[in-house]
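Down below is the structure, laid out as structure tokens.
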Amino acid sequence: MNYPGISIQLPLWIQDLVDRSSGVFSSKEDRMRFVITLSRKNVEHQTGGPFGAAIFDDQGRLVAPGVNLVLSTHCSIFHAEITAIAMAQTLLGRYDLSDDGKVSYALYASTEPCAMCFGAIPWSGVSRLVCGARDEDARRIGFDEGPKMDAWVDALETRKIKVVRDLLRAEAVSVLDDYAASGGVIYNSGKTLRGEG
């Protein structure tokens, strides 16, 4: 049997969004707004679920964007965080973004990581995780975030990964709510929210 190769191709609209930015985001709020814009545009362009992520260096330079590609790729692992991490590692040519602790990168995510993405973060080489919406915000609209430990923040910080939560949470939650209101597919259950009570 001939098995297909696996590759991640970001939607074309992302390049236009990146080109319109300076590529440098001076504040953590600017970085989070960019990630939230990724999540919103992903829904508007119907290229995936309502989640965005990006890897930034210490100066706020964008290394790699990521969006949820589960629906468009028919692959359950292509969450926004996984996509951003994979893109950054491919661009930098190393599986440990920190290059054995020599450099520091941050992962910004429009929503706190699910169980799978949480598992990938310690091995990615990021030293910071910055989140907008909370796990419960995604669960409230029907997403199954998996069996993530209650003390997940402590678990990451024990591994020297600083976690910042609730940055522009209301803006991030509005993307989730708009997705639910429009009947967006809750891809891990095979249902849509339209008409459900």
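Here Arg140 does not pair with Asp135 in a salt bridge; the nearest charged N to carboxylate O distance is not below 4.0 Å. Contact check on Glu136 versus Arg169 returns a salt bridge, with a Lys/Arg side-chain nitrogen under 4.0 Å from an Asp/Glu carboxylate oxygen.
Expressed to the nearest 0.5 Å, how far CZ of Phe51 lies from NE2 of His79 amounts to 8.0 Å. Atom CG of Asp137 sits about 6.5 Å away from atom CG of Leu176, to the nearest 0.5 Å. To the nearest 0.5 angstrom, Phe78 atom CZ is 5.5 Å from Thr73 atom OG1. In this structure, CD1 in Ile85 is found 4.5 Å from OG in Ser124, a value given to the nearest 0.5 Å. Taking CZ of Phe25 as the reference point, atom CZ of Phe34 lies at 4.5 Å (rounded to 0.5 Å).
In the hydrophobic clustering of ILVMFWY residues, with side-chain heavy atoms under 4.5 Å counting as a link, Leu17 and Val24 come out apart. Val153 and Met116 fall into different hydrophobic clusters, where Ile, Leu, Val, Met, Phe, Trp and Tyr side chains are chained together by heavy-atom contacts under 4.5 Å. A single hydrophobic cluster is not seen to contain both Val63 and Val18; linkage of ILVMFWY side chains at heavy-atom distances under 4.5 Å, directly or through other members, places them apart. Under the 4.5 Å side-chain heavy-atom criterion for Ile, Leu, Val, Met, Phe, Trp and Tyr, Leu167 and Phe118 are members of distinct hydrophobic clusters. Hydrophobic clustering of Ile, Leu, Val, Met, Phe, Trp and Tyr side chains at less than 4.5 Å, counting indirect connections, keeps Met87 apart from Val126.
No hydrogens or angles considered: nothing links the side chains of Ser72 and Thr47 as a donor-acceptor pair under 3.5 Å. In this structure, a donor-acceptor pair under 3.5 Å is absent between the side chains of Asn42 and Ser39. Counting only N and O atoms by type, the side chains of Arg31 and Ser26 include no donor and acceptor under 3.5 Å apart. For the residue pair Arg134 / Thr111, no side-chain donor-acceptor distance below 3.5 Å is found, with atom types taken as modelled.
With hydrogens and angles ignored, the 3.5 Å screen pairs a side-chain donor or acceptor of Asp57 with a backbone N or O of Gly60. Side-chain atoms of Tyr179 come within 3.5 Å of backbone N or O of Val185 as a donor-acceptor pair.
Summarising the local packing, CG of Asp100 is surrounded by 12 or fewer heavy atoms from other residues, nucleotides or ligands at distances under 6.0 Å. The environment of Lys28 atom NZ is sparse: at most 12 non-hydrogen atoms of other residues, nucleotides or ligands sit within 6.0 angstrom. Enclosure of atom CG in Asp150 is not indicated, since only 12 or fewer non-hydrogen atoms of other residues, nucleotides or ligands lie within 6.0 angstrom. The environment of Glu29 atom CD is dense: over 12 non-hydrogen atoms of other residues, nucleotides or ligands sit within 6.0 angstrom. Other residues, nucleotides and ligands contribute only 12 or fewer heavy atoms inside 6.0 Å of the CD atom of Gln9.
Across all their heavy atoms, Gly125 and Asp96 have their closest contact at CA-OD1, 3.4 Å. Of all heavy-atom pairs spanning Pro122 and Leu156, the tightest one is CG-CD2, 3.8 Å.
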Exercise for review: List the steps, then state whether salt bridge (charged side-chain N to carboxylate O under 4.0 Å, His left out) holds for Lys162 with Glu157.
Suggested key: CA-CA 5 Å; Lys162 181 173 174 41; Glu157 291 190 342; 5.3 Å; no

